[in-house]
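Not measured: the values here are computed from a predicted model.
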Amino acid sequence: MSRWLSMLSLALLLPLIVWSKANDSKDHEREGRRSCIDYKILNIGAIIDFHSLIGMEQKIAMEVAIKDVNSILSCSKLVLNFNDSHRNPSSMVAADLANSKKVQAIIGTKLDGATLVNEILQSSKEIPIISLTSSSEIRQIPLPNFIQIGNDITLNLQCIAAIICEFNWRKVTAIYEHDNGFTSYDSDILTKLSYSLSHVNSEIENYVAFPSVDTLLDPKTAIEHELKKLKNKSYNRVFLILQSSLEFATILFEKANQMGLMEKGSVWIITDDIASHLDSLDYSSVTFNMQGVIGCKTSFVELSQTFKRFKFAFRREFGLEYPEEEIENPHPSLSALRAYDAIWIIAHALRKSQSQGNFSMEELSKNVVATNHEGLSGKIIFKDGKLLEPATFKIVNVIGRSYNELAYWSPESGFSENLVNQISPSSASASTSGRVLLSNANWPGGSKSVPKGWVYNNEGRRSVKIGVPAGDPCPQFVNVSYDQRLNQTHITGFSIHVFEAVVKHLPYQLPYDLVPFYGSYDDIVVQVNNKVKSSLVHSIPDRSKETWMFMEAFTKDMWLLMAAMHMFISFVIWLIEREHNSELKGFGTMLWFSVTTLFFVHREPVKSNLARAVLAPWLFAILIVTTCFTASLSSMMTVSQLEPSVPDIQTLLRTNAIVGCNKNTFLVHYLVNELKFKPENVKGFESISDFPRAFEKKEIVAAFTIAPHAEVFLATHCKGYIKAGPTLKLGGLGFAFPKGSALSIDISRATLKAIESGEVQKLEEEMLSKTTCGSPNSNIIQNVELGPQPFFGLFGICGGIAVFGLLVSMAPLIGKKGKGFINYLEGTSSLLQIGLGKIKSCVSKNLSKYIASAPIQDENKNLEDVSNKMEQNVVNIELPITTHHHL
C-alpha cells in the first residue's frame with residue numbers, strides 16, 4: 001500500500017516540478033527582457049518537406065540548433081516557423097513569407113533564385129534567405145541577400161568526371177529526377193555535366209529525366225518502364241545519377257538490380273545528393289540493391305567535440321520524434337549539418353547586429369552575407385552568394401552493410417589517399433594516381449576488375465550489321481559473289497579474313513552479319529557517320545635511265561678509300577722500282593702505271609721482288625672490288641628501281657597529264673580538291689585490273705590507288721610498273737564505326753592483338769603468294785650502296801704489305817744519311833777539343849804571372865784573388881768561344 005502511495009505522490013509531484021521549471025524558465029526570460037534594453041525575438045521561416053527522410057533530419061537539426069542558440073543568447077531569441085513544402089513550390093512559400101513580413105529570415109531546401117526574384121516584392125528583398133541546397137544556375141541571381149550554403153554542383157560533376165577519366169569511359173548515361181524537392185538546377189545540370197566530361201574526352205550518350213516520385217501514381221512501374229527502354233536502346237552501362245531524392249534512388253536501384261543492370265560490366269556513380277545520405281538509408285536497400293556503387297560524398301570533420309555533442313542530441317531527438325522510422329542509429333547527414341549551421345549563421349548575425357547597437361533588417365542581412373565561422377559542415381565564408389572554399393569529396397564504394405572510403409578528391413589536389421594531403425598538398429611525398437587509389441573498389445556484380453562500361457546484350461537484338469563495299473576495286477581484298485543455285489551471297493577476301501581474325505580476339509562473342517553495300521567508299525562511310533581514308537600512292541610505267549647511276553654502286557667513303565689506297569700502293573711500287581727500273585723513273589710514269597693497273601693492262605715491267613710482293617695482293621683486291629662493283633651496278637640496272645618516266649605529281653600537273661584512279665573510292669575527290677587535278681584529267685576505273693589496258697592504250701600516264709592495292713597490283717604485274725613519287729599519308733585501312741561507338745575500343749585492341757600475333761602478316765603473305773609474282777618485296781633487290789666495311793680485311797692486308805715495302809725501300813737512304821750525320825758529329829767534337837786546349841794554355845800563363853809578383857805575407861790572400869780572377873777570366877774566355885762555336 002505504501003508503495004502505491006509513494007508512486008502516486010511522485011506522479012503528482014512531477015507535473016508540479018515541470019510546471020515549476022517552466023515558470024522558472026519564463027521568469028528567467030522575463031528577467032532577461034527587463035535586463036536588456038532592446039530584447040529581440042527573431043522569427044525564422046523554415047521550408048522543408050516533412051514527408052521525406054531528409055526533411056525530418058533537417059527539422060531535428062534546426063530544433064537542436066535553436067535550443068543551443070537560445071541557451072546562450074541573452075537579449076534575443078530565435079523562433080522557428082516550419083512550413084511543409086511537400087508538393088508545394090518552396091520558392092512560392094518563401095515569397096509569401098517574405099511579402100507578409102511574418103518572418104525576418106528564411107531557410108529552405110528548394111529555393112529557386114529566378115522565382116524568388118520575380119515573386120518577392122521590392123520592399124521585402126532585404127530579408128536574408130538561406131538555401132540549404134546548391135544551384136547550377138549560370139546566371140547571377142540579383143538577390144544580394146540570397147545565399148546558398150550547399151556546395152556548387154559543378155565541383156561534384158568535376159569529381160565524377162575525374163573518376164570517369166581514370167578508367168577511360170567514353171560514354172555515360174545521365175539519370176536525374178525532375179523537381180525532386182532538394183535541388184534547383186534542372187535547367188543547367190546537363191550542360192555543366194557535358195562541359196566537365198568534354199575535358200576528359202567523354203560525353204553523354206543518353207539521359208533520362210524522371211518526373212518527381214511524388215507526382216507518380218505508381219513510381220515502381222514508371223521507373224521500371226523507363227529503365228527497360230534505356231536497356232534496349234543502348235549498350236552503354238556507365239550510369240550517373242545526377243540528382244535524386246532518397247525515395248527515388250531506393251526504387252531506382254531496386255528495379256535496376258531486378259533488371260540485370262547491376263551485373264558485371266556496369267558502372268553506377270552517385271552524386272553528393274545520395275552519397276551524403278548513405279548512412280541514413282535502410283540496411284536492406286543498401287545491401288541488396290546498391291552493391292558496387294561509387295559515390296562522391298562531401299567530406300567534413302566528425303571528430304570534433306561540437307559534432308559529437310550534436311550527434312548525441314540529434315539521435316535522441318530523432319528517436320523520440322520519429323520512432324516509426326525504425327532507424328537503429330540515426331546518423332546526421334550533410335543536409336542535417338547544413339540546417340544546423342544555417343541557424344547559427346542567423347544567430348551570429350543577430351548577435352553582431354545587437355552588439356553594434358543598430359539592429360535593422362538591412363544590418364542583419366549584411367551580417368548574414370558577411371558570415372565567417374567554422375560550422376559542422378565546414379568553413380562558412382560566402383562570395384557572390386556561394387561558399388568561397390571548395391569542398392573536398394570522399395570517394396566511397398558501397399559494399400556489405402555500409403561503404404568503404406577509397407580516396408579523397410579536390411579540384412586543387414586531385415586524388416589523394418588521405419585528408420592530410422588535401423589540406424596540405426605540399427606534405428604529400430608524391431601524387432598518387434586515382435586509378436591506383438580506386439583499384440580496391442568492388443564493382444557491381446561482385447567484380448574486382450574495372451568494368452568496360454558497356455555490355456553487348458544480344459537478348460532481343462539482331463546481329464551487328466557489318467557493311468562491306470561490294471564494288472571494291474581490288475577483288476583480293478573484298479570479293480562479293482552471288483550463288484544463284486543456293487541463293488546466297490558469298491563475301492571473301494583479305495579484309496574479311498582480317499576482320500574474322502580480329503573478332504576472335506574480342507573478349508566476348510560478337511554475332512554479326514556481313515552486308516554488301518553497292519556504292520562508293522564515301523557512301524558507306526556516311527552510313528556510320530564517319531570517314532576512313534587510306535595511304536595513297538601512284539603507279540606508272542618504268543621506262544627511264546639514270547645518268548650517274550654507276551656512282552651509286554659504292555658509297556662516297558668507299559670511293560675515297562679506294563683512291564687513297566691505290567695512289568699509296570702505286571707510290572710505294574714506284575719508290576721501290578725507280579732506282580733499278582728505267583721505265584718507272586718519272587712521276588708521270590707512276591701516275592700512268594696506277595691507272596693501267598686498275599684494268600690489268602700495265603706494260604711497265606716490275607723487276608724487284610719487293611715491288612711484286614706489294615703489287616700481287618693489291619691486284620687481287622682490285623679483282624674483288626671490281627667484281628662487286630659489276631654485280632652491284634648490274635642489279636641496279638636490271639631490277640626495276642629506276643626513276644620513272646614521270647618523277648612526281650608536280651610534273652603531272654605541269655604537263656596536264658591524264659591520270660587514273662578507282663572511281664568508287666575517295667581518290668577522285670582527293671585528286672581534284674586537294675591535289676588540284678582538273679576533273680577532265682582524272683579518269684575513273686572500276687578495278688585496278690583495268691590499269692594495264694589503259695597504260696597500253698596511252699589513255700593515262702599514271703594511276704593513283706591506295707597503298708595495299710598498289711602492292712597487289714605490282715605483285716600481279718611483275719614487269720613494267722613501279723611505285724613512284726612520295727606516298728601521301730592520309731591514314732590507314734581500317735574499320736569504320738559510329739563516332740563514340742563502344743565497339744571501336746574493343747575492336748582496336750583486338751586488331752592490335754591480331755597484328756602482334758602475326759596473323760595479319762600471314763594473311764597478307766598468303767594473299768600475295770596467290771598472285772603471279774608473289775610478294776613484290778621478295779623480288780626487289782634494295783638499292784643499297786656498298787661501303788668499305790666488307791673490304792676492311794682485304795685493304796688491311798694490302799696496306800700492311802705496302803707499309804712494310806715502304807720501310808724496306810727507305811732503309812738504304814736512311815743508312816746513307818745516318819753515316820753523313822755521324823761524320824758531322826765527329827768534326828764538331830774535334831773543334832771542341834781544340835777550343836778547350838786554348839783555354840787551358842791561357843789559364844796557365846796568367847796563373848804564373850800572378851804568383852811571381854805577390855808578397856809572401858799576403859800569399860793566402862793573393863792566392864784567393866788570383867783564384868777569383870782566374871774564374872773571371874775563364875768565364876770571360878768561355879763565352880766568346882761558345883758563341884763562336886754556335887756561329
For residues [X] and [Y], determine if any side-chain heavy atom of one lies less than 4.5 Å from a side-chain heavy atom of the other.
X: Val803; Y: Phe568; answer: yes
X: Glu699; Y: Arg693; answer: yes
X: Met558; Y: Val625; answer: yes
X: Phe685; Y: Ile700; answer: yes

Using the side-chain contact (heavy atoms from CB on, under 4.5 Å) rule, take Trp618 and Phe795 through it: C-alpha gap first, then chi angles, then the decisive distance, then the call.
CA-CA 8 Å; Trp618 182 241; Phe795 286 174; 4.0 Å; yes
Nearest 0.5 angstrom please: [X] [atom1] to [Y] [atom2], how far?
X: Leu806; Y: Leu610; atom1: CG; atom2: CG; result: 9.5 Å
X: Lys676; Y: Leu671; atom1: NZ; atom2: CG; result: 12.0 Å
X: Tyr670; Y: Cys661; atom1: OH; atom2: SG; result: 13.0 Å
X: Thr492; Y: His497; atom1: OG1; atom2: NE2; result: 6.0 Å
X: Ile688; Y: Asp690; atom1: CD1; atom2: CG; result: 9.5 Å
X: Leu675; Y: Gln650; atom1: CG; atom2: CD; result: 9.0 Å

Criterion side-chain contact (heavy atoms from CB on, under 4.5 Å) on Ile649 and Phe677, from CA distance to verdict
CA-CA 10 Å; Ile649 296 175; Phe677 279 92; 4.0 Å; yes
Walk me through whether Asn662 and Phe691 qualify under side-chain contact (heavy atoms from CB on, under 4.5 Å).
CA-CA 10 Å; Asn662 309 125; Phe691 290 159; 3.8 Å; yes
Would you name the heavy atoms of [X] and [Y] that are closest together and state the gap between them?
X: Phe713; Y: Pro692; value: CE1-CD, 3.7 Å
X: Ala613; Y: Pro617; value: O-CD, 3.0 Å
X: Pro516; Y: Val480; value: CB-CG1, 4.0 Å
X: His505; Y: Ala501; value: CD2-O, 3.1 Å
X: Cys798; Y: Ala621; value: SG-CB, 3.9 Å

The side-chain contact (heavy atoms from CB on, under 4.5 Å) partner of Ile658 among Asn681, Leu652, Val701 is Asn681
Has Thr751 got a side-chain atom pairing as donor or acceptor with Val502's backbone, closer than 3.5 angstrom?
no
Which is it for Leu794 and Phe620 under the side-chain contact (heavy atoms from CB on, under 4.5 Å) test, yes or no, and what are the steps along the way?
CA-CA 9 Å; Leu794 188 60; Phe620 177 75; 3.9 Å; yes
